[in-house]
Colleague: 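Sending over a structure as structure tokens; questions will come in a sec.
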Amino acid sequence: MRGLWWKIWIASHSRSTPRPTVLSSPPAVETCAPISKVMNQSPRVRFAPSPTGALHIGGARTALYNWLYARGTGGTLVLRVEDTDRERSTPENVAQILDALRWLELDWDEGPLSQAERGERHRARIAELVDAGHAYPDPATAADVRAFKDAHGGTGYRGEPASGPGAAIRLRVPDEGETVVDDLIRGPVRFENRLTDDFVIARGDGTPLYNFAVAVDDAEMAISDVIRGDDHLSNTPKQLLVLEALGVEPPRYAHLPLLHGPDGKKLSKRHGAASVQELRAGGYLPAAVRNYLALLGWGTEDDTTILSTPELVERFAIERVGRASAIFDERKLRWLNGRFMRELALDDYVEAAAAELEREGHADAVADPGRLRAACAIAQEKAQTLTELWPLVRFLFEAPVDDERAWAKVMDAGAARRLEAAAGVLRASEPFDTGTLEAALGELVERLDAKPRDVYQPLRVAITGTTVSPGIFESLAALGRERALERVDAALARLGAAS
RNA sequence: GCCGCUAUCGUCUAGGGGACUAGGACGCCGCCCUCUCACGGCGGAAACCCGGGUUCGAAUCCCGGUAGCGGUGCCA
């Protein structure tokens with residue numbers, strides 16, 4: 001039952017999902033292949049989000065790095081949802097994460113797999129370890145562990161096999177030696193075994209715990225490279241110990257530096273666009289987000305900043321990822337997004353704009369493809385995000401907005417006279433297009449011996465209601481002679497009534 | 001407390017002993033372009049956390065300190 005809801009979800013979204021193979025059982029891999037074999041095969045990586053909320057930009061970057069690595073090496077990306085925390089793992093959260101990945105256009109090759117569904121496998125492995133003496137039941141409580149450590153100078157907890165009611169299963173950790181995480185990004189990181197607790201791998205009720213389940217899953221899914229957040233580095237020796245007890249070769253690890261908010265603290269709701277959905281709502285393009293996220297913690301040798309996704313795939317190198325945590329700065333994303341917006345082919349721009357306007361509730365605008373296209377054509381140079389589009393082009397779809405301040409600023413004493421003259425030009429311009437209007441209005445400016453702005457700004461306010469719009473000639477042409485004249489006449493009437 | 005990671009302009013970063021009077025990008029300031037807003041062009045201010053070593057020479061290597069972050073759970 002557990003896995004059913006997302007199978008249904010996937011089925012209903014399968015058209016937009018690249019290759020969502022849902023496996024009800026893991027690939028038939030009993031143990032990891034020998035390391036030499038794994039290294040010669042194409043890499044297998046995984047993105048393993050915990051569905052405890054929306055997908056964070058930190059998680060998004062982890063997903064992106066895994067994706068870039070897989071796509072750049074001809075490897076396989078497995079999506080595995082770590083949903084063993086029944087409290088927080090909800091269908092809504094899983095749906096949200098998949099939705100975020102889909103919006104980012106990050107596809108996966110296998111999954112989504114449910115970790116919770118693999119409980120049987122985990123239990124079998126736990127039984128193996130207990131039988132082999134690598135793990136043992138222990139009814140000790142957290143307080144008992146605390147007491148032991150206090151009494152032993154802070155060394156790792158060591159218990160004795162004892163079956164009691166609700167005894168948890170602990171892994172037997174060696175007293176000697178050290179466990180070394182040979183991290184792709186940080187190099188070797190050493191942990192002394194004597195300081196590591198015999199940690200719990202299964203609860204008193206037999207359900208497996210994260211550090212155990214992850215290790216088993218990575219092994220059974222033949223993951224060759226684990227690329228994940230830095231917050232897992234301290235857990236890695238435990239997973240290595242599990243793998244060792246299981247007699248399985250470990251994958252390689254790469255721990256990414258964490259992402260922080262503008263205040264240097266952990267990302268949170270307060271920081272504005274902290275989740276992928278917020279980025280989408282902010283009017284950002286997925287390609288720009290991918291470019292920006294890729295550069296957070298990774299840089300090119302030659303300082304190239306603008307990179308298409310194929311270029312990212314081509315140039316991304318996991319070993320070049322930095323070691324220090326980075327701060328998410330939305331201002332740079334905005335700039336980058338503007339660059340992508342301007343370079344978009346008009347057809348793609350229209351498509352993105354239509355989706356955004358639809359979301360914003362301007363369905364009527366989307367329903368007029370010709371006008372929408374004209375609007376995009378004149379506004380593409382101006383907007384840095386999709387959300388900036390509507391204010392720039394709404395005058396093409398609705399009556400001018402009423403902006404007192406704009407009116408007061410521009411409609412000075414001579415405005416009526418200049419507008420009157422401009423109206424004459426609009427009536428006479430043939431054809432009514434950008435080039436003709438520019439030439440004709442330019443002549444008018446000279447004839448009136450006026451500054452260009454003294455003619456164009458009143459015109460702009462007359463047709464849009466505001467002082468900010470796309471180019472005035474483009475705007476007039478897009479509006480059309482009839483509607484433009486109507487608006488200029490209305491403005492003249494208002495000016496006449498005022499004086 | 002203990003363990004671990006990290007430390008170059010406000011931010012993202014380049015740099016991996018001499019090429020560094022420390023480069024690029026965002027942001028900021030000024031100028032130019034200009035019908036508004038953007039875009040674009042030009043110029044500017046702005047950084048190697050601190051202290052010891054190693055070396056002829058250190059942003060780069062080592063040690064210590066400090067700070068930030070992460071872990072330390074029968075959470076993931």
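First the proteins, then the strands, lettered A, B, ... as listed; each starts at 1. We use all heavy atoms of the structure for the numbers below, so side chains are in, but hydrogens, waters and symmetry mates are not.
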Colleague: Check this for me: does any side-chain nitrogen of one of A:Arg186 and A:Asp230 sit under 4.0 Å from a carboxylate oxygen of the other?
Modeller: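 Looking at A:Asp230 together with A:Arg186, the answer is yes, because their closest N to O distance falls below 4.0 Å.
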
Colleague: Nearest of B:rA76, B:rC3, B:rC37 to any side-chain atom of A:Phe191?
Modeller: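 Shortest atom-to-atom distance from the side chain points to B:rC3.
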
Colleague: Are A:Phe199 and A:Tyr157 an aromatic pair, judged by ring center distance below 6.0 Å?
Modeller: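 Aromatic pair excluded; centres sit 6.0 Å or further apart.
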
Colleague: Base, sugar-phosphate, or nothing: which does A:Ala422 touch, judged by heavy atoms less than 4.0 Å apart?
Modeller: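 Nothing, no nucleic acid heavy atom in range.
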
Colleague: A:Asp138 CG to B:rG73 C1': how many Å, rounded?
Modeller: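 For the pair A:Asp138 CG and B:rG73 C1', the rounded distance is 15 Å.
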
Colleague: Mind checking who B:rC74 pairs with, Watson-Crick or G-U wobble, both distances under 3.5 Å?
Modeller: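 When the pairing criteria are applied, nothing turns out to pair with B:rC74, so the answer is none.
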
Colleague: Rounded to the nearest Å, what distance is computed from the CZ atom of residue A:Phe340 to the P atom of nucleotide B:rA38?
Modeller: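 About 22 Å, once rounded to whole Å.
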
Colleague: Is the closest basic N to carboxylate O distance between A:Arg252 and A:Glu319 below 4.0 Å?
Modeller: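 Result for this pair is no, no salt bridge flagged.
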
Colleague: Looking at B:rG10, B:rA76, B:rC35, which one has an atom nearest to any side-chain atom of A:Arg331?
Modeller: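 So the nucleotide nearest the side chain must be B:rG10.
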
Colleague: Looking for any heavy atom pair under 4.0 Å, which part of the strands does A:Gly204 touch: base, sugar-phosphate only, or nothing?
Modeller: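 Base contact.
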
Colleague: How far, in whole Å, is B:rC33 from B:rG41 if one measures between their C1' atoms?
Modeller: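 To the nearest whole Å, 8 Å.
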
Colleague: Select one nucleotide: of B:rC74, B:rA25, B:rU36, the one nearest the side-chain heavy atoms of A:Lys332.
Modeller: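 It is B:rA25.
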
Colleague: Judged by each residue's nearest nucleotide on RNA chain B, which is more toward the 5′ side, A:Leu233 or A:Gly154?
Modeller: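 Its nearest nucleotide lies further toward 5', so the answer is A:Gly154.
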
Colleague: Under the side chain to side chain donor-acceptor pair (under 3.5 Å) criterion, do A:Gln384 and A:Tyr284 qualify, and how do the steps go?
Modeller: CA-CA 9 Å; A:Gln384 275 196 304; A:Tyr284 295 106; over 6 Å; no

Colleague: Using a heavy-atom cut-off of under 4.0 Å over every strand shown, decide if A:Arg194 touches base, sugar-phosphate, or nothing.
Modeller: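 No contact.
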
Colleague: B:rC26, B:rA76, B:rU36: which one has an atom nearest the side-chain heavy atoms of A:Asn235?
Modeller: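 Nucleotide nearest to A:Asn235's side chain: B:rA76.
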
Colleague: Does A:Glu388 reach a base, just sugar-phosphate, or nothing at all? Heavy atoms under 4.0 Å.
Modeller: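 Contact class for A:Glu388: none.
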
Colleague: A:Ala326 side chain: which of B:rU6, B:rC69, B:rC12 is closest?
Modeller: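 Selected nucleotide (nearest to the side chain): B:rC12.
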
Colleague: At less than 4.0 Å, is any side-chain N or O atom of A:Arg323 found next to OP1 or OP2 of B:rG16? Yes or no.
Modeller: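 No, no such contact exists.
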
Colleague: So which nucleotide from B:rU36, B:rC75, B:rU72 ends up closest to the side chain of A:Lys238?
Modeller: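 Taking heavy atoms from C-beta onward, the closest nucleotide is B:rU72.
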
Colleague: Have a look at A:Phe199 and say if it touches a base, only the backbone sugar-phosphate, or nothing, with a 4.0 Å heavy-atom cut-off.
Modeller: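 Contact class for A:Phe199: none.
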
Colleague: With a 3.5 Å limit on both atom pairs, tell me what B:rG4 is paired to, counting Watson-Crick and G-U wobble, or say none.
Modeller: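 Paired with B:rC69.
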
Colleague: Between B:rG4, B:rA7, B:rA76, which one does the side chain of A:Ala324 approach most closely?
Modeller: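 Selected nucleotide (nearest to the side chain): B:rA7.
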
Colleague: Between A:Arg417 and A:Glu420, is the closest basic N to carboxylate O distance under 4.0 Å?
Modeller: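 Salt bridge absent between A:Glu420 and A:Arg417.
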
Colleague: Would you kindly check whether a donor in the side chain of A:Asp303 faces an acceptor in the base of B:rG23, or vice versa, at under 3.5 angstrom?
Modeller: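 Check passes, donor-acceptor contact within cut-off.
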
Colleague: Hey, are A:Arg405 and A:Asp403 close enough for a salt bridge, meaning a charged N less than 4.0 Å from a carboxylate O?
Modeller: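 No, no charged N to carboxylate O under 4.0 Å.
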
Colleague: Within the 4.0 Å heavy-atom criterion, would you say A:Ala142 contacts the bases, only the backbone, or no part of the nucleic acid?
Modeller: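 Nothing: the residue A:Ala142, judged by heavy atoms under 4.0 Å, touches no strand.
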
Colleague: Could you tell me whether A:Gly471 contacts a base, only the sugar-phosphate backbone, or nothing, with contacts defined as non-hydrogen atoms closer than 4.0 Å?
Modeller: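 Base: the residue A:Gly471, judged by heavy atoms under 4.0 Å, touches a nucleobase.
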
Colleague: Could you work out which one of B:rC12, B:rC5, B:rC35 sits closest to the side chain of A:Val189?
Modeller: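 That would be B:rC5.
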
Colleague: Taking any strand in view, what nucleotide pairs with B:rG57 in a Watson-Crick or G-U wobble way, both distances under 3.5 Å?
Modeller: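 Because no pair has both required distances under 3.5 Å, B:rG57 counts as unpaired.
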
Colleague: For the pair made of CH2 in A:Trp298 and C1' in B:rG24, what is the distance, rounded to whole Å?
Modeller: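 Result: 15 Å.
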
Colleague: If I pick the C1' atom on B:rC29 and the same atom on B:rG15, what distance separates them, to the nearest angstrom?
Modeller: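 Those two atoms are separated by 28 Å.
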
Colleague: For B:rG43, which nucleotide is its Watson-Crick or G-U wobble mate, given both distances must be under 3.5 Å?
Modeller: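 Paired with B:rG43, as far as the under-3.5 Å criterion goes, is B:rC29.
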
Colleague: Provide the distance between the two C1' atoms, one in B:rC56 and one in B:rC49, to the nearest whole Å.
Modeller: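 Roughly 27 Å separates the two C1' atoms.
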
Colleague: Regarding A:Lys149 and A:Asp197, does a basic nitrogen lie under 4.0 Å from an acidic carboxylate oxygen?
Modeller: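 Yes, charged N to carboxylate O under 4.0 Å.
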
Colleague: Given atom CG of A:Leu336 and atom P of B:rC12, what is their separation to the nearest angstrom?
Modeller: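 After rounding, the reported distance stands at 16 Å.
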
Colleague: Figure out the OH/C1' separation between A:Tyr292 and B:rU13, and round it to whole Å.
Modeller: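 The distance from OH of A:Tyr292 to C1' of B:rU13 comes to 11 Å, rounded to the nearest Å.
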
Colleague: Tell me which nucleotide, if any, is Watson-Crick or G-U wobble paired with B:rG17 when both distances must be under 3.5 Å.
Modeller: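 For B:rG17, the partner nucleotide comes out as none, under the 3.5 Å rule.
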
Colleague: Between B:rC74 and B:rG70, how far apart are the C1' atoms? Round to whole Å, please.
Modeller: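 It works out to 22 Å between them.
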
Colleague: Under 3.5 Å, is there a donor-acceptor pair between the side chain of A:Asp402 and the main chain of A:Gly465?
Modeller: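 No, the answer is negative, given that no donor and acceptor are paired below the 3.5 Å cut-off.
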
Colleague: Check every strand shown and say whether A:Arg334 touches a base, only sugar-phosphate, or nothing at a heavy-atom separation below 4.0 Å.
Modeller: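 Nothing, no nucleic acid heavy atom in range.
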
Colleague: B:rG44 and B:rA22: how far apart are their P atoms, nearest whole angstrom?
Modeller: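 Nearest-Å result for B:rG44 against B:rA22 at atom P: 15 Å.
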
Colleague: Could you give the CG-to-P distance, from A:Asp150 to B:rG1, as a whole number of Å?
Modeller: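 Answer to the nearest Å: 15 Å.
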
Colleague: Within the structure shown, what part of the strands sits under 4.0 Å from A:Arg186 by heavy-atom distance: base, sugar-phosphate, or nothing?
Modeller: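 Answer is sugar-phosphate: A:Arg186 comes under 4.0 Å of backbone atoms only.
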
Colleague: Please determine whether any donor N or O and acceptor N or O are separated by less than 3.5 Å between the side chain of A:Asp302 and the base of B:rA14.
Modeller: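 No, the side chain and the base share no sub-3.5 Å donor-acceptor pair.
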
Colleague: Give me the distance, rounded to whole Å, that separates B:rG17 from B:rG64 when you measure between the P atoms they each carry.
Modeller: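 These two P atoms come out 23 Å apart once rounded.
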
Colleague: Within the 4.0 Å heavy-atom criterion, would you say A:His232 contacts the bases, only the backbone, or no part of the nucleic acid?
Modeller: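 The residue A:His232 makes base contact.
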
Colleague: A:Ile472 or A:Gly322: which one's nearest nucleotide on RNA chain B is closer to the 5' end?
Modeller: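 On the 5' side of the pair lies A:Gly322.
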
Colleague: So A:Gly338, base contact, sugar-phosphate only, or nothing? Heavy-atom distance under 4.0 Å.
Modeller: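 Counting heavy atoms under 4.0 Å across all strands, no contact is made by A:Gly338.
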
Colleague: Give one of base, sugar-phosphate or nothing for A:Leu258, where a contact means two heavy atoms less than 4.0 Å apart.
Modeller: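 Sugar-phosphate only.
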
Colleague: Mind checking the C1' distance from B:rG43 to B:rC61? Whole angstroms is fine.
Modeller: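 Pairwise C1' distance, B:rG43 against B:rC61, rounds to 39 Å.
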
Colleague: Please evaluate the base of B:rU36 for a donor-acceptor partner in the side chain of A:Lys382 within a cut-off of under 3.5 Å?
Modeller: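 Checked by distance alone, the answer is yes.
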
Colleague: Rounded to whole Å, how long is the line connecting atom NZ of A:Lys451 with atom C1' of B:rU36?
Modeller: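 For the pair A:Lys451 NZ and B:rU36 C1', the rounded distance is 15 Å.
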
Colleague: Could you tell me whether A:Asp302 and A:Arg315 make a salt bridge, using a distance below 4.0 angstrom between a side-chain N and a carboxylate O?
Modeller: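 So A:Asp302 pairs with A:Arg315 through a salt bridge.
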
Colleague: Do A:Arg394 and A:Glu398 sit within salt-bridge range, that is, some charged N less than 4.0 Å from a carboxylate O?
Modeller: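 Salt bridge between A:Arg394 and A:Glu398, a charged N being under 4.0 Å from a carboxylate O: yes.
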
Colleague: What is the separation between atom CG on A:Asp230 and atom P on B:rA7, rounded to the nearest whole Å?
Modeller: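 Taking atom P of B:rA7 as the reference, CG of A:Asp230 is at 11 Å.
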
Colleague: Look at the side chain of A:Val468 and decide which nucleotide, out of B:rC74, B:rC37, B:rC39, has an atom nearest to it.
Modeller: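 Within the option list, the nearest is B:rC37.
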
Colleague: OP1 or OP2 of B:rG15 sitting under 4.0 Å from any side-chain N/O of A:Arg320?
Modeller: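 So the side chain of A:Arg320 is within the cut-off, an N or O lying under 4.0 Å from OP1 or OP2 of B:rG15.
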
Colleague: When the C1' atoms of B:rC63 and B:rG1 are compared, how many Å lie between them, rounded to an integer?
Modeller: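 Going atom to atom, C1' in each nucleotide, I get 24 Å.
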
Colleague: I want to verify a distance call: between B:rA25, B:rC12, B:rA7, whose nearest atom is closest to the A:Trp335 side chain?
Modeller: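 Nearest nucleotide to the side chain: B:rA25.
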
